[in-house]
Trainee: 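First the structure, which I've put down as structure tokens, then a few questions once you've had a look.
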Amino acid sequence: MAEEFKEGLEDVIAAKTQLSFIDGKRGILEYRGYNINDLAKYSDFEEVTYLLWYGRLPNKKELQDFSKKLRSERKIDAGVIKILKICPKNIDAMDALRTSISYLAQCDKDLNNNSQEANIRKGIRITAKFPTIVAAFHRTKNGKKVIPPNPKLSHGANFLYMLHGKIPNEIEAKAMEADFLLTAEHELNASTFTARITVSTLSDLHSAVCSGIGALKGPLHGGARAEVYKMLDNVKSPDRAETYIKGLIDKGQKIMGFGHRVYKYYDPRALIFREIARQLAQNAKDSRWYDISLKIEETVVKELVEKKGKPIYPNVDFYTGAVYKYLKIPPELSTAIFAIGRIAGWVAHCLEQYSDNRLIRPLALYAGPHDQEYIPIEKR
Ligand code: COA
């Protein structure tokens, strides 16, 4: 058994899926066979969510109906707002999200109904409410009035509206929409695997979502975005980027937003985010954050890829730093925003797991002592 052990389950295949395909060497990502570049160009979050959950692109009527259902479920009740108000002010938006979903679970009439239809109903409710919870938490925390959702706006535009109290322009709205779409699904990443494990015990969807939120929160997963944002603040200007990055490399520190367990070349989502950051910089008539990011990328590729031969390229999180600067999204919300997109993938994977379930229960390689003598507590 020992030779089969893979630290961090690296390269271990732990599930069969029809949801996404990754070619980490060539930097290719597909959702249900559709290339991520095409989806980012032509689709939106609602359509991609439909694609993931139902296995095919919707026709016009199906998309209209799905979109209507999602938009009608955006509101959160007074109970959630009350909870958000009593949460300590210093908690992370991810903690607020997890607490709110736990509360909503108790109010959901379908809570313990694990049929496909009930899971889609619950998936719609949770997916629709995620942005509202995050925006409401942020506003209450900062002593501002909660802004109710606007059903006329897209998923992305509505989130920015609830956050800032102002309808975003087309470029900003498209950037937010693309962010949700690009993070919607990514095979067996840590949080999705966690969610699948939870439903493999035939537990409920809300529990799986809470598990996913917990796993996504860590700095090696969704938490990297906030670190990238802080790095941009520390670098301050493009001419300081090279020295700053070389300093981190000399100290043996990891550069946040770079490297990936699966991609050993450019993460295709990073390239799409780079273009979004460029457009936002142009829209804001301020290229500072975009230029700093470009310079960081150039230095990391030169120092780690070209000189040291390590495949450390920008991942999905790197250019979100600049994107969030331009969208005026504070760093403490960046992981929760990742969750707003990833919920589509979590639900899709849970549906897939329920439809052909076998309990996920791997083995551990025991690395402790044997035959220990039990010594009574008074004698220890
Ligand atoms: N900066 C510098 N070096 C990095 C690096 C980074 N961001 N990511 C990996 N490396 C190096 C490691 O130091 C290690 O070098 P070594 O073999 O000389 O010791 C090697 O690459 C392998 O790294 P490891 O951490 O074992 O890879 P992993 O597959 O376990 O981890 C990540 C993948 C994503 C956790 C890792 O790349 C990382 O921590 N990146 C920064 C955090 C981040 O952006 N996370 C978001 C992921 S989408």
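Both counts, for ligands and for their atoms, begin at 1 and track the order of listing. Values in this document were obtained by computation on a predicted structure and should not be read as measured data.
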Trainee: Between ligand 1 and the protein, give all atom pairs where both partners are nitrogen or oxygen and the distance is under 3.5 Å, as lines of names plus distance to 0.1 Å.
Mentor:
unit_1   : atom_1 : unit_2 : atom_2 : d
ligand 1 : 1 (N)  : I255   : N      : 2.9
ligand 1 : 7 (N)  : I255   : N      : 3.4
ligand 1 : 7 (N)  : I255   : O      : 2.7
ligand 1 : 7 (N)  : F258   : O      : 2.8
ligand 1 : 15 (O) : K310   : NZ     : 3.1
ligand 1 : 18 (O) : K310   : NZ     : 2.8
ligand 1 : 25 (O) : K254   : NZ     : 2.6
ligand 1 : 29 (O) : R261   : NE     : 2.7
ligand 1 : 30 (O) : R261   : NH2    : 3.0
ligand 1 : 39 (O) : K254   : NZ     : 3.0
ligand 1 : 40 (N) : F258   : O      : 3.0
ligand 1 : 44 (O) : G257   : N      : 2.9
ligand 1 : 44 (O) : N315   : ND2    : 3.0

Trainee: Can you tell me how the ring of Y319 sits relative to the ring of Y290, calling it parallel under 30°, perpendicular over 60° and tilted otherwise?
Mentor: tilted

Trainee: Please check if the number of heavy atoms outside K60 that lie under 6.0 Å from its NZ is greater than 12.
Mentor: no

Trainee: So, H260 versus H186, ring centres under 6.0 angstrom or not?
Mentor: yes

Trainee: Whether D110 and R121 form a salt bridge (side-chain N of Lys/Arg under 4.0 Å from carboxylate O of Asp/Glu) is what I want to check.
Mentor: yes

Trainee: Regarding R380 and the six-membered ring of Y374, is the cationic atom NZ or CZ under 6.0 Å from the ring centre and inside 45° of its axis?
Mentor: yes

Trainee: Quick one: are the ring centres of Y263 and Y313 less than 6.0 Å apart?
Mentor: no

